[in-house]
Amino acid sequence: MKKIFLLACLFSFSLLSNAQDNNLINVFLSSTEFQKIQAQVNTYGQIDNNLSRVTYVDGNTNKPILNIAITQSNVVKAVLESVPVPSSLTNVLPNNEHYVMQLVDYSNYDINTKTGVIKTIDLNYDSYLSSQLIVSNSSVTDFTAYPVPPKVRAKYSGLKTIAEI
């Protein structure tokens with residue numbers, strides 16, 4: 001009987017977690033931050049709610065990472081990664097946004113051959129290309145991280161630095 005009760009509790013908790021995760025995703029998708037980037041995201045395909053997930057840093061539910069899958073013809077073409085910034089933190093992102101947003105672009109990666117180019121695009125800072133990974137048969141052959149371009153850095157120079165937070 002205790003095992004059945006324990007299983008029922010775990011099942012109820014997973015349903016609650018899924019509802020909480022779905023709520024976090026829905027709140028983000030209705031945010032002004034998402035509305036600003038939606039046209040760019042839509043160029044990769046459609047949001048797939050079934051493949052979208054929320055993970056938590058160190059299992060801490062106060063530190064969610066939203067992973068929103070964008071598919072085209074049932075193939076993941078990109079993942080929009082978003083992290084909510086506490087409302088108590090101001091002037092840390094452009095336009096006082098409350099989500100850190102990065103797009104992982106898989107449009108030039110072939111999942112079957114595990115070969116291609118995977119790019120990350122920083123959506124908070126004028127959609128600059130922040131990194132590129134070249135993969136061949138599941139092996140990384142090259143990785144390049146790009147610094148924030150000088151024009152973008154200058155444009156947002158008034159924001160708080162990590163040391164000031």
- Could you walk me through whether Thr61 and Gln20 pass the side chain to side chain contact (heavy atoms under 4.5 Å, CB included) check? CA-CA 10 Å; Thr61 57; Gln20 178 182 348; 4.2 Å; yes
- Audit row: Leu24, Phe28, side chain to side chain contact (heavy atoms under 4.5 Å, CB included) steps and yes/no: CA-CA 6 Å; Leu24 286 170; Phe28 170 69; over 6 Å; no
- Task: Please step through side chain to side chain contact (heavy atoms under 4.5 Å, CB included) for the pair Val135 and Leu133, ending with a clear verdict.
- Result: CA-CA 6 Å; Val135 182; Leu133 187 70; 4.0 Å; yes
- Item | Pair Asp126-Lys155, salt bridge (charged side-chain N to carboxylate O under 4.0 Å, His left out): steps then yes or no | CA-CA 10 Å; Asp126 298 352; Lys155 181 178 179 180; 3.1 Å; yes
- Query: Given the rule in the side chain to side chain contact (heavy atoms under 4.5 Å, CB included) test, do Lys160 and Thr90 qualify, once you have shown the distances and angles that lead to the verdict?
  - Reply: CA-CA 8 Å; Lys160 291 179 184 173; Thr90 58; 4.1 Å; yes
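For Pro84 against Leu66, the heavy-atom pair with the smallest separation is CD-CD1, 4.0 Å. Considering all non-hydrogen atoms of both residues, Pro147 and Tyr128 come closest at O-CE1, 3.6 Å.
Remark: the backbone N or O of Thr113 is paired with a side-chain donor or acceptor of Thr115 at under 3.5 angstrom. Under a 3.5 Å cut-off, the side chain of Ser52 and the backbone N or O of Asp48 do form a donor-acceptor pair. Between the side chain of Ser138 and the backbone N or O of Lys114 there is no donor-acceptor pair closer than 3.5 Å.
Expressed to the nearest 0.5 Å, how far CD of Gln46 lies from CD1 of Ile70 amounts to 11.0 Å. Annotation: the span from Leu89 atom CG to Ser87 atom OG amounts to 8.5 Å, rounded to 0.5 Å. A distance of 8.0 Å separates OG in Ser82 from CD in Glu33, rounded to the nearest 0.5 Å.
Looking at Asp122 and Tyr146, their side chains never bring a donor and an acceptor atom within 3.5 Å of each other. Side-chain polar atoms of Asn137 and Ser139 form no donor-acceptor pair below 3.5 angstrom. Inspection of the Thr120 and Ser131 side chains reveals an N or O donor paired with an N or O acceptor under 3.5 Å.
Taken together through direct or relayed side-chain contacts under 4.5 Å among Ile, Leu, Val, Met, Phe, Trp and Tyr, Ile118 and Leu129 form parts of separate hydrophobic clusters. Put simply, Ile111 and Leu51 are part of the same group of oily side chains (I, L, V, M, F, W, Y) that touch within less than 4.5 Å, one to the next. There is no path of hydrophobic side-chain contacts, each under 4.5 Å, that joins Val76 to Ile65. Placement of Leu80 and Ile121 within a single hydrophobic cluster is found when ILVMFWY residues are connected by side-chain heavy-atom separations under 4.5 Å, directly or transitively. Side-chain heavy atoms closer than 4.5 Å link hydrophobic residues (I, L, V, M, F, W, Y) into clusters, and following such links, possibly through other members, connects Val140 to Tyr109.
Shown here is Asn60, whose CG atom has more than 12 heavy atoms of other residues, nucleotides or ligands within 6.0 Å. Heavy-atom neighbours of Lys77 NZ from other residues, nucleotides or ligands within 6.0 Å: above the threshold of 12.
The residue from Asn18, Asn67, Asp21 that alone fulfils the side chain to side chain contact (heavy atoms under 4.5 Å, CB included) condition with Val54 is Asp21.
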Using residues 34-42 as the side-chain source, report each donor-acceptor pair under 3.5 Å to any protein atom, sequence neighbours left out, with the distance given to one decimal.
from	atom 1	to	atom 2	distance (Å)
Gln35	NE2	Leu29	O	2.9
Gln40	OE1	Ser127	OG	2.9
Gln40	NE2	Ser127	OG	3.4
Asn42	ND2	Gln38	O	3.4

Sequence neighbours left out, cut at 3.5 Å: what donor-acceptor pairs do the side chains of residues 97-104 make with other protein atoms?
from	atom 1	to	atom 2	distance (Å)
Glu97	OE1	Asn124	ND2	2.7
His98	NE2	Asn96	O	3.4
Gln102	NE2	Glu81	OE1	2.7

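The ring pair (Phe, Tyr, Trp, His ring centres under 6.0 Å) search around Tyr106 returns none, not counting sequence neighbours.
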